[in-house]
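Here the structure comes first, spelled out in structure tokens, and everything after it is commentary.
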Protein chains: 2
Amino acid sequence: MKKDSRKKATIYDLSMLSGISPSTVSAVLNGTWRKRRIKESTAELIRDLAEKHQYTTNRQAQGLRRSRSGLVGLMLPVYDNRYFSSMAQTFEAHVRQRGQCPIVVSSSRDPQEERETAENLISYSIDELFICGATDPDGVHEVCEAAGLKHINIDLPGTKTHSVISDNYEGGRMLTEAIIGRFASDDPLSPDELSLFGGRNDHASRERIRGFRDVKRALLGADPEASIQPTGYSPNTARIAFEAFFEKAGRLPRALFINSSINFEGLLRFMSAHPHETFADLVVGCYDYDPFGSFLPFPVIMMRQDVEGMITKAFELIEETRTPPKIHLIRPDLVPPRTALTGPLDGLKDIV
Amino acid sequence: MKKDSRKKATIYDLSMLSGISPSTVSAVLNGTWRKRRIKESTAELIRDLAEKHQYTTNRQAQGLRRSRSGLVGLMLPVYDNRYFSSMAQTFEAHVRQRGQCPIVVSSSRDPQEERETAENLISYSIDELFICGATDPDGVHEVCEAAGLKHINIDLPGTKTHSVISDNYEGGRMLTEAIIGRFASDDPLSPDELSLFGGRNDHASRERIRGFRDVKRALLGADPEASIQPTGYSPNTARIAFEAFFEKAGRLPRALFINSSINFEGLLRFMSAHPHETFADLVVGCYDYDPFGSFLPFPVIMMRQDVEGMITKAFELIEETRTPPKIHLIRPDLVPPRTALTGPLDGLKDIV
DNA sequence: CTTTTTTGCACAATCGATGGTGCAATCAAT
DNA sequence: ATTGATTGCACCATCGATTGTGCAAAAAAG
């Protein structure tokens with residue numbers, strides 16, 4: 001019946017079978033047939049044939065001809081935390097809704113890898129690229145620009161194209177205020193009892209730290225230099241920093257501002273090596289929301305970045321290439337301890 | 001200098017510029033030039049020119065010709081939990097190491113969407129597909145088979161091709177034993193004090209439930225039917241089930257077996273509506289590991305599925321198409337409360 | 001019954017890379 | 001010097017879909 005059920009049917013196969021020219025078959029199947037004045041009955045015939053032979057268009061050929069692929073890319077630093085995984089989840093939903101195919105890749109926060117990954121995606125003629133949390137957004141920009149690829153920065157800003165990021169300064173302020181607010185006025189926090197851990201020398205960290213400092217100075221009157229410990233975005237370096245602090249001070253600070261949930265995992269590693277009592281009076285503020293993190297045995301205040309808002313805004317802005325690059329701030333939300341928020345998964349239907 | 005720095009250079013451009021034929025240029029750039037007896041000096045010349053003009057091969061054209069794309073696909077149900085996000089992270093690392101390009105998509109546990117997603121990926125001529133946690137693996141198999149695409153099941157097994165999954169029965173047993181073991185012999189658990197929540201009618205849930213029942217009967221002597229509540233894989237249906245139980249019984253069971261971290265989030269939602277005291281003597285066993293979940297204020301025993309092991313095995317088996325389909329079990333690990341394990345992120349280098 | 005207009009479709013070039021084949025030029029062998 | 005082998009590369013068809021163009025046949029206008 002079929003020539004080789006193993007090989008996919010092409011427009012040429014359908015052309016042979018129907019005696020209709022390949023170009024007409026193509027027009028019918030890609031929807032341009034009205035414009036080409038193809039008879040309704042011919043179209044019908046071809047559609048039936050296509051269905052019968054399970055025709056699907058070869059996207060490589062289509063992409064080659066059209067020089068676009070229908071693929072929309074999202075480049076993430078990593079997958080494995082709730083902030084970035086919800087970013088991927090939300091992104092997917094948006095792209096699918098537009099009838100395109102999402103493709104997500106990670107680039108490990110390595111500038112070199114970021115550029116290579118972009119090159120690679122470009123070689124597949126992706127239509128748009130969302131650059132999320134890139135260490136060197138402008139480097140990636142060069143690559144995209146050279147290929148005429150629409151792109152936009154998310155989470156960490158660049159200077160060469162629009163960026164949609166959290167309002168990290170405001171977020172830093174809110175979180176710091178909330179942490180300090182947890183302490184009663186009869187037992188107030190002293191400046192050296194509130195430390196910041198995690199992050200590195202990127203825009204987000206700098207802004208959060210700036211917010212932290214401003215609020216700390218305003219409310220506690222001082223901000224010793226030693227209370228800031230950027231440890232990079234890894235659990236282990238954070239753990240080591242906590243251990244070091246503990247060694248030196250004999251205890252943890254009463255209050256911690258942790259720069260990301262990844263760094264928070266460093267605190268978990270520290271915790272597993274120490275008894276409960278070490279954390280009896282600890283208050284943690286964490287920039288990033290993780291539902292389980294919110295229910296730990298001590299008060300954990302979290303900042304939830306508005307992923308849905310950022311993605312939505314990014315989709316609007318990626319079209320906008322006439323105006324000069326701008327940074328768009330999206331306000332994050334303060335999440336009180338013991339709070340279970342809904343997420344992108346809640347939109348899915350569930351079958352039992 | 002360049003004709004249009006906006007359009008990427010092709011082998012024809014390099015051909016024009018060098019006076020060397022396109023086929024020779026192609027051979028040099030794709031590495032087959034020795035086989036074609038191209039002079040070293042010619043190759044050198046072309047390589048230099050390619051470098052100078054930032055040539056990168058057009059993968060669509062290459063894919064069209066070769067009918068393979070260099071893309072390796074991973075289909076996930078969802079991104080947004082630590083099990084699947086670590087799956088994506090680990091998968092990426094493996095694919096990159098093989099010099100291919102990973103592409104990850106999610107299909108929302110919807111059989112229809114699973115098949116369409118597969119079709120879609122196939123139309124991009126992906127080389128291999130890893131089908132993870134599919135609701136209808138055999139449906140996806142048909143699609144892959146028809147296209148002659150190598151594929152393999154992970155996490156949930158199919159009957160038509162090899163599957164690599166957790167040893168859910170053993171895992172269910174281990175977890176149930178561990179939960180029961182938390183209760184002292186002077187205050188032992190009664191059968192109706194241990195309930196299972198979450199999961200649906202899939203292979204993984206069934207096996208875990210079977211393990212749960214077997215151990216429960218062996219150790220506690222009975223297993224009332226009502227103690228099993230499959231709620232689907234959504235936080236909210238799980239929350240509702242907890243609420244319902246609480247309404248009826250006036251309290252939660254002393255011990256819970258929760259079928260996945262997604263369902264565990266349903267417990268968090270329940271918790272946020274109830275005071276701490278409700279959970280004072282609760283013991284939870286959760287199938288899936290989440291580092292933050294491990295540190296909640298009550299004992300949480302978790303099963304970590306061996307993602308690295310599963311991916312590694314899957315890569316081995318995907319080549320193996322001669323032997324009849326088999327299910328390969330990978331043993332998960334029991335994680336005691338308050339344990340922070342390292343994950344795929346720990347392999348990345350970190351720059352501060 | 002012509003001429004003009006419209007309808008319906010076929011033809012052929014093109015996108016960029018690949019690989020089988022063939023043909024000069026160079027070199028080795030007799 | 002003639003034949004045969006080897007080297008080095010160009011030519012061209014091909015992968016599957018798209019799209020500008022052209023041309024008959026049918027329909028409408030005169």
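Proteins come first, then strands; the chains are lettered A, B, ... in the order of their sequence lines, and each starts at number 1. Note that this is a predicted model, so its numbers are computed, not measured.
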For this session: Determine the contact category for A:I20: base if any of its heavy atoms lies under 4.0 Å from a base atom, sugar-phosphate if only primed atoms, P, OP1 or OP2 are that close, otherwise nothing.
Result: sugar-phosphate
For this session: Look at all strands and tell whether A:G19 reaches a base, only sugar-phosphate, or nothing, counting heavy atoms closer than 4.0 Å.
Result: sugar-phosphate
Exercise. Has the side chain of A:D138 got a donor or acceptor atom that lies under 3.5 Å from a matching backbone atom of A:T159?
Worked result: yes
For this session: Taking only the side-chain heavy atoms of A:L64 (C-beta and beyond), determine which of C:dG16, C:dA17, D:dA17 contains the nearest atom.
Result: C:dG16
Exercise. So does B:S23 reach the base of D:dC11 with its side chain, donor to acceptor, closer than 3.5 Å?
Worked result: yes
Exercise. Across the strands shown, which category fits A:T32 at heavy-atom distances under 4.0 angstrom: base, sugar-phosphate, nothing?
Worked result: nothing
Problem set entry | No-H, no-angle donor-acceptor pair, A:R66 side chain to D:dT18 base, under 3.5 Å | no
Problem set entry | Pairwise side-chain contact, B:N30 with B:R66, heavy-atom cut-off 4.5 Å (strictly under) | yes
Problem set entry | Toward the 5' end of DNA chain C, by each residue's nearest nucleotide, A:P22 or A:R37 | A:R37
Exercise. For A:T10, which contact category applies under a 4.0 Å heavy-atom criterion: base, sugar-phosphate, or nothing?
Worked result: sugar-phosphate
Problem set entry | Non-hydrogen side-chain atoms of B:S85 and B:N81 separated by less than 4.5 Å | no
For this session: Assert yes or no for the condition that the ring centre distance of B:F130 to B:F315 is strictly below 6.0 Å.
Result: yes
Exercise. When rounded to the nearest 0.5 angstrom, what distance separates CD in A:E113 from CG in B:L348?
Worked result: 9.0 Å
Give me, pair by pair, the N or O atoms of the protein and of nucleotides 24-27 of chain D that are less than 3.5 Å apart, along with how far apart they are.
none

For this session: Consider the side chain of A:T24, meaning its heavy atoms from C-beta on, and name the nucleotide among C:dG8, D:dA17, C:dA10 that approaches it most closely.
Result: C:dA10
Problem set entry | Short side-chain to backbone donor-acceptor contact, B:E92 and A:S106, under 3.5 Å | yes
For this session: Kindly indicate whether the side chain of B:R36 and the base of C:dG20 share any N or O donor-acceptor pair separated by less than 3.5 Å?
Result: yes
Exercise. Which nucleotide in the set D:dA17, C:dG16, C:dA10 lies at the smallest distance from any side-chain heavy atom of A:T57?
Worked result: D:dA17
Seminar exercise, completed: Closest to the side chain of A:N58, out of D:dG16, D:dG8, D:dT19, is D:dG16
Exercise. Can you tell if the side chain of A:D110 reaches within under 4.5 Å of the side chain of A:T135, non-hydrogen atoms only?
Worked result: no
Exercise. To the side chain of A:I11, which of C:dC9, D:dT18, C:dG16 is closest?
Worked result: D:dT18
